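Input: a single structure, listed below in structure tokens.
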Amino acid sequence: MRAGTVTTTALVLLGSLAALTLLWSVGSARTKTIVTTTTLLTSPQSVDGGGDLRRVRPVPSPASAGGGVPAMADPGPLRVLAFGDSLTEGLVTYVLFHAYSKRLQQRLGDALPRGAVTVHNQGKSGESLHYSMPLRFNRLLGDAEKAPQSCYEVIVILGGSNDIFDEDADTLSADVQKLVERALRHQTARRVVVLTVPENAAELRFPQMRETRLALNAFIRQLVETKGSEETVRGVQRLSLVDFASDLPQFSLSEEEQKRLWEDGLHLTAEGYDRLADLVFDGITRGIDY
């Protein structure tokens, strides 16, 4: 395939009953070489879109003196893992998806000198931060670590909306910390982006959900601030915060803005997901060159 060709691979696996949910349950270019979008909606298996993108990276050299992330002589395409629930999957309605990862990939491909970017969407509707996310996350990273070309330089984590009704903040905080620490152990991860949990219209009926979410988000902000100062490469923090809850609110918006950005009190509209992509883009590129 010639340079400049844009290949889009969309793997849409429907049929999940998890997409039918209540309000409080998360339901469920310009490029220099090749840009590939792989959107995996319900299957937990890793999929790469198109054989042309499967360029084998060189084996990492020993870690640089400035930190624990190996340097790549020829880094190849930038591989990004977008991990989470239906807000990562891009659920708008039970038959419509608009994942933020698509716009994110386009923006990264346009902005970064490397040009070639693949954002691997691993959002799964209805998934619980406490029960199933850690197992799936460990499996995904473990599988990737079996081959250098499958590893990720950027990992984006979003979860918790499915749990704030049933679980307490301390439990969920420990779950988030486990995901973050596992991501930081991924040898090639130069940047780990953690998102706060967004506002949920169901909080108006169940105030304890809001209390849990606020406490969880306070922990996430503190975790990134504290651990971020410890995890650095050449003076640059590996951990980055995207404050989804504050930067893309619901309750403080006008009625018109809510209709433009929020679909059902929990999931975003297509425009809302594009706005989220811009926030994640900033979190990935803040203070670091790829």
Side-chain angles (χ1 to χ4, degrees), residues 16-28 41-42 44 81-91 94 100 121-142 155-185 192-228 239 241-251 262-268 276 280:
S16 173
L17 292 179
L20 303 177
T21 59
L22 298 177
L23 280 176
W24 58 84
S25 174
V26 173
S28 77
L41 299 183
T42 56
L81 172 63
F83 182 82
D85 47 39
S86 65
L87 290 169
T88 296
E89 185 180 25
L91 179 66
Y94 70 95
Y100 78 78
N121 189 308
Q122 277 288 348
K124 187 175 182 181
S125 291
E127 187 162 53
S128 164
L129 169 64
H130 181 57
Y131 290 102
S132 54
M133 272 192 180
L135 293 175
R136 188 166 69 94
F137 193 60
N138 283 331
R139 184 173 66 249
L140 280 169
L141 294 186
I155 299 172
V156 183
I157 300 170
L158 170 60
S161 291
N162 282 324
D163 302 82
I164 57 176
F165 183 78
D166 298 310
E167 305 295 338
D168 61 79
D170 289 341
T171 297
L172 298 178
S173 296
D175 294 330
V176 169
Q177 184 165 354
K178 289 176 184 177
L179 292 182
V180 169
E181 291 177 347
R182 178 62 181 92
L184 291 171
R185 292 197 302 272
V192 176
V193 181
V194 190
L195 281 71
T196 54
V197 180
E199 294 175 341
N200 187 327
E203 296 172 16
L204 301 176
R205 294 180 57 199
F206 303 99
Q208 77 275 12
M209 294 178 63
R210 181 176 184 273
E211 295 173 5
T212 299
R213 183 182 59 80
L214 291 177
L216 174 58
N217 286 346
F219 173 83
I220 291 172
R221 296 182 185 106
Q222 184 62 41
L223 176 67
V224 173
E225 180 179 351
T226 302
K227 205 166 187 62
L239 268 179
L241 175 71
V242 170
D243 204 337
F244 187 175
S246 296
D247 295 337
L248 196 51
Q250 282 192 73
F251 304 146
W262 290 93
E263 178 68 24
D264 59 7
L266 175 58
H267 300 101
L268 296 161
L276 179 59
V280 175

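Scope of the values below: all heavy atoms of this structure, side chains included, with no hydrogens, waters or symmetry mates. Start at 1 with the first residue, then count along the sequence. Remember, predicted model here, so these are calculated numbers, not experimental data.
- With Thr88 contributing its side chain and Ala82 its backbone, the two residues share no donor-acceptor pair below 3.5 Å.
- Using a distance-only test at 3.5 Å, with no hydrogens or angles considered, a donor-acceptor pair links the side chain of Glu199 to the main chain of Phe251.
- Remark: Glu263 engages no residue in a salt bridge (charged side-chain N to carboxylate O under 4.0 Å, His left out) (not counting sequence neighbours).
- Take Glu203 and apply the side chain to side chain donor-acceptor pair (under 3.5 Å) test, not counting sequence neighbours, and it matches Arg213.
- For Asp243, the salt bridge (charged side-chain N to carboxylate O under 4.0 Å, His left out) criterion is met by Arg221, not counting sequence neighbours.
- Residue pairs meeting the salt bridge (Lys or Arg N to Asp or Glu O under 4.0 Å) criterion with at least one partner in residues 167-176, sequence neighbours excluded, are absent.
- Taken to the nearest 0.5 Å, the CE atom of Met133 stands 11.0 Å off from the CD atom of Gln122.
- The ring-ring contact (aromatic ring centres under 6.0 Å, His included) check on Phe137 picks up Phe83, with sequence neighbours excluded.
- The structure places CZ of Arg182 at 10.0 Å from CG of Leu140, a figure rounded to the nearest 0.5 Å.
- Take Glu225 and apply the side chain to side chain donor-acceptor pair (under 3.5 Å) test, not counting sequence neighbours, and it matches no residue.
- Here the side chain of Ser86 pairs no donor or acceptor atom with the backbone of Gly126 at under 3.5 angstrom.
- For the residue pair Asp163/Ser128, the side-chain donor-acceptor check at 3.5 Å is satisfied.
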